[in-house]
Each structure stands twice: as structure tokens, then as C-alpha cells.
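Single-structure report; data block below.
We name chains A, B, ... by the order of the sequence lines, and we start the count at 1 in each one.
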Protein chains: 2
Amino acid sequence: MARGSTTRPTSRDVAQAAGVSQAAVSLVLGDKWRGRVAEATAERVREAARELGYRPNLAARNLRLGRTRTVLLVVPALTTEFFAGVYTGAARVAAEHGFGVVLYPSPEGIGPARDPFASAQAALDGVIASSMAADALSAIRGEALPLVMLDSDPEGSLGAATVNLDIADGVRQVAEHLLGLGHRRFLHLAADVPSWTFEVRARELATRVAAVPGTSVVTARSPISIEDAVAATVRALSETGPRPTALVCDDDKLAAGAYKAVRRLGLRIPDDVSVTGLDDLALATAIDPELTTVRLDAELFGERGMRALLAVLEGREPEGGDIPVRLVVRGSTAPPR
Amino acid sequence: MARGSTTRPTSRDVAQAAGVSQAAVSLVLGDKWRGRVAEATAERVREAARELGYRPNLAARNLRLGRTRTVLLVVPALTTEFFAGVYTGAARVAAEHGFGVVLYPSPEGIGPARDPFASAQAALDGVIASSMAADALSAIRGEALPLVMLDSDPEGSLGAATVNLDIADGVRQVAEHLLGLGHRRFLHLAADVPSWTFEVRARELATRVAAVPGTSVVTARSPISIEDAVAATVRALSETGPRPTALVCDDDKLAAGAYKAVRRLGLRIPDDVSVTGLDDLALATAIDPELTTVRLDAELFGERGMRALLAVLEGREPEGGDIPVRLVVRGSTAPPR
DNA sequence: GCCCCTAGGTTTTACGTATAACGTCGGAGC
DNA sequence: GCTCCGACGTTATACGTAAAACCTAGGGGC
């Protein structure tokens with residue numbers, strides 16, 4: 001109040017207002033004053049800080065402490081709510097520990113530099129990176145910051161901690177569900193994205209289906225967009241030979257495209273062909289019939305990622321174990337006719 | 001390379017490697033060396049910096065310069081791709097100007113503090129805030145930082161710059177389209193969110209429809225979620241009296257709910273009832289029939305928001321004018337029977 | 001009466017950067 | 001031969017904070 005200046009008050013201003021030294025202010029506000037400052041003095045300092053609307057200058061604090069309590073979350077775009085959920089979960093846990101999370105959506109990149117560390121205008125304590133953000137990974141590795149990988153091959157991560165969804169189990173549930181319904185001929189609509197998590201889907205589906213005699217799996221590839229998925233599905237379903245009765249999609253968006261393709265060919269879901277997705281986005285219950293899909297808990301994923309990074313930063317061992325996923329059966333799957 | 005230490009190299013290390021003073025390094029790397037350092041020396045410095053993998057310590061730079069080149073983007077959650085798009089656009093423009101963007105998704109908040117400025121672990125140069133993030137706004141105002149409001153009442157923004165989508169024009173286009181098709185009885189499925197942008201929708205729709213004799217508008221309110229929208233729509237359509245033939249929804253998610261409600265009542269789209277949305281999310285083309293909706297360019301919105309903030313920061317006048325939007329006619333609208 | 005300890009602080013320093021203020025040296029101008 | 005100036009740097013300083021090192025008075029132990 002007393003200072004008519006426009007600049008923000010510093011700890012020194014608070015000190016002056018409270019009649020103590022700057023060091024005392026730092027001790028009190030940093031909660032390190034027990035046995036070093038009298039309770040009455042501490043209260044005077046807190047009062048002065050409140051009065052002046054004091055907020056510590058984070059740049060100065062970061063410089064002093066040599067850490068920033070800021071981590072980078074590298075994701076492949078934010079075009080579905082999945083990574084938005086990952087961010088939300090990570091940011092929540094981060095906030096609980098006094099950390100901030102800054103985003104870097106990788107494939108399209110941000111800005112001309114395409115450098116995660118330049119575009120995040122912040123000094124970083126660590127990084128959480130999705131393995132789908134492939135083009136940013138080498139830069140990340142080069143920086144030698146504490147790193148947690150999401151959905152990444154545990155073998156290939158070279159020491160970096162990994163946090164994974166149990167995608168293989170999800171695909172297993174899908175396969176068992178469809179095989180149980182009596183399906184034998186599968187079309188796998190695969191995401192055309194180079195990432196471990198999609199390799200797992202393909203491998204697991206092939207394995208589970210192959211375990212049953214008289215089955216087949218055809219694979220079609222498509223970028224993750226509704227339009228591309230329509231085209232790829234139409235192409236695959238138009239091929240000669242016995243038509244697949246079950247369409248297993250690598251993600252819900254692909255499934256939405258498959259819906260349109262199936263309709264365009266004059267077929268009905270689930271009567272003529274069953275369709276499954278993976279993600280359980282809002283999309284899944286918006287389309288008709290509602291999509292049988294695997295629910296991924298994106299927020300939990302983000303939370304676990306952040307917890308793992310905190311563990312690494314504190315020198316603890318990150319919690320192990322994949323995150324369970326769950327098949328949600330809805331109207332898009334039925335026994336083949 | 002010479003230093004076996006684990007800490008990151010500083011400008012002083014670079015200086016030593018290049019055989020110059022720290023100041024020279026700063027000049028060269030800061031691109032302020034013309035006429036002060038010989039070209040050969042500058043090159044030696046750049047070479048040394050490259051060799052050591054030097055990156056300036058941003059905390060130190062921020063402290064020195066008293067600004068952080070970081071802005072806060074306050075949005076209401078990230079549950080649709082709309083605000084993800086806003087972020088992407090803002091971040092792109094920011095990066096082009098050497099700025100970073102940190103997110104604060106407001107309603108659910110992050111962390112216990114619910115304080116945008118505490119949870120963004122960063123000193124900020126400015127703020128871009130959506131008017132939908134109501135509960136964070138008072139804190140933002142209190143901080144007296146350069147501020148740009150998105151989708152906010154130009155009258156009520158008290159001097160803060162505003163960047164708005166021309167929502168009124170979008171609603172006008174919807175109304176003209178439906179009136180032109182011959183619709184007279186409207187149901188307005190309104191978002192139950194206190195924000196200027198939704199008031200505009202209601203006002204504009206009422207005005208445009210009222211301009212034609214023999215018309216009526218009934219309003220139903222729903223939170224923005226598919227499930228809530230289903231319930232609200234079923235309730236509204238079950239009321240006695242002549243059934244509305246056109247259903248105008250405040251956003252695509254509400255429209256998706258309306259689809260399900262309409263089907264549940266045994267009606268068909270667009271034969272029995274036309275439906276329109278607003279946003280043009282991926283959802284809009286995933287559902288069947290594809291949704292007639294108003295396309296909002298979220299990325300452009302974010303870009304313009306960031307440009308406006310940059311203008312404010314540089315003391316320039318922000319570019320005025322609302323961002324145009326465009327009706328996209330698809331299969332969910334047809335003349336009433 | 002002297003020592004030492006504790007409570008309650010203060011003084012000082014360092015973090016890494018950007019830049020204002022200050023040299024220095026060789027040649028041009030006269 | 002002196003001045004002056006431009007080219008090419010260097011030295012010194014400040015940003016705001018956290019914390020180590022230091023100071024001082026008063027009281028208890030012996």
C-alpha cells in the first residue's frame with residue numbers, strides 16, 4: 001500500500017514493512033522459521049506480505065534453487081480428449097506437489113524451431129513423453145533430463161522409467177469377446193502411426209485370434225482420422241473373398257470412420273459386422289449403435305506418469321505395474337449371422 | 001566436453017572455452033554484437049556454445065530481464081477439441097515470438113489451491129482467459145497483468161482487450177437456414193453455463209426467429225454433456241403441445257445428445273426433426289446423419305488471442321473485429337414435413 | 001565469575017544472465 | 001605530435017531469492 005510504485009513488491013519490501021531483514025521474510029514464508037524467528041515476528045511478516053499482496057518472484061527462486069518445479073509433457077497433438085485427460089491428471093498431481101506442467105504437442109510441433117526445450121519457455125526439472133510423439137524423442141534424449149516414457153516399450157526405453165496402459169490385456173478382452181460371440185474372420189483397422197503401443201495391439205490381436213483354429217485376421221492401415229478410416233475400411237471391405245464379420249479398430253476415431261464405411265457399403269452394425277474401438281472417447285456413446293470399446297483412464301495415466309517422474313526426481317523407485325483397462329460392451333458387437 | 005561435471009554449462013563456461021569474457025558470449029548469443037565483436041570472435045563463441053551444448057538458463061534470464069516470455073491461457077477444461085485448438089493456435093503464435101504458453105483449465109481447477117498463478121509455476125507476462133472459465137476470473141483481475149479476454153462481453157470487460165468469435169452471426173446463419181427451410185417451431189437446447197457467449201446465442205436466436213410471424217422458441221437447459229443433453233431433450237420433447245420441428249443446440253455435444261433423445265422417442269432426423277449444432281467438432285461428422293453446424297476456427301481464435309496479447313504487451317492497439325464463422329450444412333436439417 | 005548455549009535474529013553470498021559503463025589500441029585528421 | 005574516434009572488447013553490477021555463516025544478549029550451570 002505504502003509504495004506507489006507499479007512494480008511488484010519483493011521480499012525486501014515485505015521485510016521493510018514488517019521491520020525485519022529480507023532473510024527473515026524468506027525464512028518465515030518458506031516455513032523454515034521454527035526456532036529461528038519468534039512467533040509474533042513471524043505473524044508480523046505474514047501480515048505484511050498479505051498487506052502488500054506479495055508473491056515470490058519465481059524466476060529468482062528458480063535461479064537460486066537451481067530447479068523450477070516445472071515439467072514438460074510431450075504429447076502427440078491434443079486432437080482427442082485422450083491426451084487432454086493425460087494432461088489433466090498429470091497437472092493435478094503436479095499441483096499437489098507444487099509443480100507445474102507445460103505442454104508440448106509434438107508432431108505438428110509448435111513454432112518454427114520444433115524444439116521442445118526452446119518452445120517451452122521454461123527451465124525444466126523433467127520430462128514426461130508419450131512414445132507417440134516420436135519426432136521429439138531424440139531431442140528429449142539429448143537433454144539428459146529425468147524422463148518418464150508413456151506407452152513405450154519397456155525393453156527399448158534404455159533406463160528411462162515407463163508407465164504403460166495394459167493395452168495388451170485390453171486387446172485380449174476384445175479378442176475373447178468377439179471370439180466368444182462366434183466371430184472367426186477379423187479385419188484389423190490399424191493406426192498408421194509408428195509407436196510401440198500400436199505394435200502391441202497388432203501382435204496381441206494376431207496371437208489371440210490365431211489361438212483359435214479356423215480364424216483369420218486381415219490388416220488395413222489408416223492415419224487416425226475419420227475420413228482416412230472411411231477410405232481404408234471401404235477399400236478393405238470391398239476386396240474379394242469372404243467378408244470379415246468383426247472389425248477391430250485401434251482407436252475410437254478409426255471406429256467412427258468404420259461405421260460410416262460400413263453404412264456406405266449398405267451393411268448394418270452389428271447385424272452384418274461387429275465393430276470395436278479403443279479409448280472410450282465421448283464419440284463412443286455419441287454414435288449409433290454405441291461403440292463396444294476399451295476404456296482407457298487417461299487421467300489416471302497422466303497421474304501415474306507424474307507420480308513416476310516425481311519418484312525419479314526424488315531418487316525413489318517409480319511404482320511399477322501397468323494400468324488396467326476394461327472392455328465396455330455396448331451395441332456395436334453381436335454374434336455373426 | 002572438457003568439463004566432466006554433471007551440471008549444465010553456463011555462459012561463463014562458453015566464455016572460457018572461446019577465450020572471451022562472459023559478456024561477449026551474452027552479446028554474441030543475444031545477437032547484439034554487431035560493431036562490438038569481430039566476426040571471427042563471434043564465430044568462435046558460437047562454435048564453443050555448440051560444442052558444449054550450451055542453453056541459456058531461463059530462470060536467470062527471466063530474473064535479469066524482469067519478464068518471462070510466458071503467458072497463461074485460462075480455459076474451462078479441455079474436454080473437447082475446441083480449447084485444445086485454441087491452445088494450439090495460441091502456442092504456435094507464441095512460439096513464433098519466443099513466447100511459451102502455460103495452461104490453466106479452470107472449472108475443475110488444478111490442485112488444492114485453485115489459484116491459477118500458484119499452479120502455473122511460472123512468472124507470467126500476461127494472461128489470455130476464456131470468459132467461460134468464470135471461477136478463475138476474479139483471481140486474474142486481482143493480479144493486474146496484461147489481459148486478453150476470449151468470448152467476453154466487450155462492454156463488461158472493463159478495459160481488457162477482447163477477442164471474440166462472431167457467434168451472433170453464426171446463430172443468425174442457423175436461424176436463416178432453418179427459417180428458410182420452413183421451420184416455425186424451435187427448441188433451443190441451451191448450454192447451462194454462465195457465460196456471455198451463451199447469452200448471445202439465446203438472444204440472437206430469439207431475435208431472428210421473432211422477426212418472422214407465427215414462430216415460437218422454447219428453451220431447454222442442459223450442462224454440456226451428452227448424457228445430460230439426452231435427458232433434457234427427452235423432457236422438452238415430451239411436453240404437450242405442438243412438437244418443435246427444429247432443434248437448435250448451443251454446441252455439438254448437446255446436439256449429439258439430442259440425436260439420441262430424438263431416436264429414443266422414435267423420431268427420425270431430419271425427417272421428423274432437424275438438428276443443428278455449433279463448433280464443428282470431429283463428433284459432427286461421426287454421427288449419422290452428419291450434423292449441420294457452425295464451424296468455429298478454434299486455432300485461429302487462439303492465434304488472434306495471442307496476437308492481441310502481444311499487442312498489449314508491446315503497447316500497440318490490438319487488432320479489432322470479430323472472427324467470422326460459417327454455417328456448414330449437412331444432413332441433419334431438412335424442410336419440416 | 002566465566003563459559004557456553006539458545007533464541008532470535010542479521011549480514012552476506014551465490015545462482016546465471018544482460019547490459020551499462022569503462023578501457024585500449026591503432027589509425028585518420030590536421 | 002596530438003587529438004579523436006571507431007572497433008573490439010572487458011569489468012562491474014543488478015535482478016530477487018534462499019540459506020550459510022555470523023552476531024548478540026541473556027540465562028543456566030558450575
Side-chain angles (χ1 to χ4, degrees), chain A residues 3 5-46 48-49 52-69 98 118 121-125, chain B residues 3 5-46 48-49 52-70 98 121-125:
Chain A
R3 316 171 69 252
S5 162
T6 169
T7 59
R8 286 181 21 172
T10 71
S11 60
R12 211 172 303 274
D13 297 324
V14 174
Q16 192 173 345
V20 298
S21 71
Q22 179 267 332
V25 173
S26 181
L27 287 171
V28 171
L29 268 38
D31 222 32
K32 299 218 158 59
W33 57 280
R34 266 162 274 265
R36 322 245 298 122
V37 177
E39 169 59 42
T41 312
E43 185 49 35
R44 231 169 52 238
V45 168
R46 282 189 288 260
L52 294 176
Y54 170 73
R55 279 180 190 280
N57 179 318
L58 292 178
R61 170 179 293 174
N62 290 341
L63 175 59
R64 175 70 238 255
L65 295 179
R67 62 182 161 70
T68 59
R69 293 187 164 269
Q121 278 286 327
L124 301 171
D125 281 355
Chain B
R3 314 172 69 251
S5 163
T6 172
T7 58
R8 286 185 17 175
T10 72
S11 60
R12 211 172 302 275
D13 296 325
V14 175
Q16 194 172 342
V20 297
S21 71
Q22 179 267 332
V25 172
S26 182
L27 288 172
V28 171
L29 269 36
D31 222 32
K32 300 214 159 60
W33 57 280
R34 267 163 274 265
R36 321 244 297 123
V37 177
E39 170 59 43
T41 312
E43 186 48 37
R44 230 167 55 236
V45 168
R46 282 190 288 260
L52 295 174
Y54 168 72
R55 279 180 190 280
N57 179 318
L58 291 178
R61 169 179 293 173
N62 290 342
L63 175 58
R64 176 68 235 258
L65 295 179
R67 61 183 160 69
T68 59
R69 295 185 161 270
T70 297
Q121 278 286 327
L124 302 171
D125 281 354

- Would you sort out whether A/T10 and A/N57 count as a side chain to side chain contact (heavy atoms under 4.5 Å, CB included), showing the intermediate values? CA-CA 7 Å; A/T10 71; A/N57 179 318; over 6 Å; no
- Query: After noting the C-alpha distance and the side-chain angles of A/V45 and A/W33, does the key distance pass the side chain to side chain contact (heavy atoms under 4.5 Å, CB included) rule?
  - Reply: CA-CA 11 Å; A/V45 168; A/W33 57 280; over 6 Å; no
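Closest approach to the A/K32 side chain among C/dT10, C/dT17, D/dA19 is made by D/dA19 (side chain taken as heavy atoms from C-beta onward). With distances taken from any side-chain atom of B/Q22 to the nucleotides D/dT10, D/dT17, C/dT19, the minimum falls on C/dT19. Proximity note for B/R12 (side chain, C-beta onward) versus D/dT10, C/dT17, C/dT10: the nearest is C/dT17. Out of D/dG9, C/dT10, C/dT19, the shortest distance to the side chain of B/T41 is found at D/dG9. Between C/dT10, C/dG16, D/dT10, one nucleotide has an atom nearer to the side chain of B/T10 than all others, and that is C/dG16. With D/dA12, D/dT17, C/dT10 as the choices, the nucleotide that has an atom nearest any side-chain atom of B/A23 turns out to be D/dA12.
Here A/V25 lies out of heavy-atom contact (under 4.0 Å) with every strand. If you check every strand for non-hydrogen atoms under 4.0 Å, B/L65 touches sugar and phosphate atoms only. At the heavy-atom level, B/R36 lies under 4.0 Å from base atoms of the strands shown. Residue contacts for B/A38: at a heavy-atom cut-off of 4.0 Å it reaches the sugar-phosphate backbone alone, with no base atom in range.
For the pair A/L52 CG and D/dG16 P, the interatomic distance rounds to 14 Å; values are reported in whole Å. As a whole-Å value, the separation of A/N57 CG from D/dG16 C1' is 6 Å. Rounded to whole angstrom, the span from the CG atom of A/N62 across to the C1' atom of D/dC15 amounts to 14 Å. Atom CG of B/L63 is separated from atom C1' of C/dT19 by 14 Å (rounded to the nearest Å). Following rounding to the nearest Å, A/D31 (CG) and D/dT17 (P) show an atom-to-atom distance of 17 Å. Atom OH of A/Y54 is separated from atom P of D/dG16 by 10 Å (rounded to the nearest Å). Rounding to whole angstrom units, CH2 of residue B/W33 and C1' of C/dT19 are separated by 18 Å. Atom CZ of A/R44 and atom C1' of C/dG8 are 12 Å apart (whole Å).
The backbone N or O of B/S26 lies less than 3.5 Å from no partner atom in the side chain of B/S11, so there is not a single donor-acceptor pair.
Screening B/R34, B/R46, B/R44 for a salt bridge (charged side-chain N to carboxylate O under 4.0 Å, His left out) with B/E39, the sole residue that qualifies is B/R46. Checking each of A/V25, A/L27, A/D31 against A/L29 for a side chain to side chain contact (heavy atoms under 4.5 Å, CB included) leaves exactly one that passes, namely A/V25.
When the nearest nucleotides of DNA chain C are assigned to A/G19 and B/S11 by heavy-atom distance, the more 5′-ward of the two goes with A/G19.
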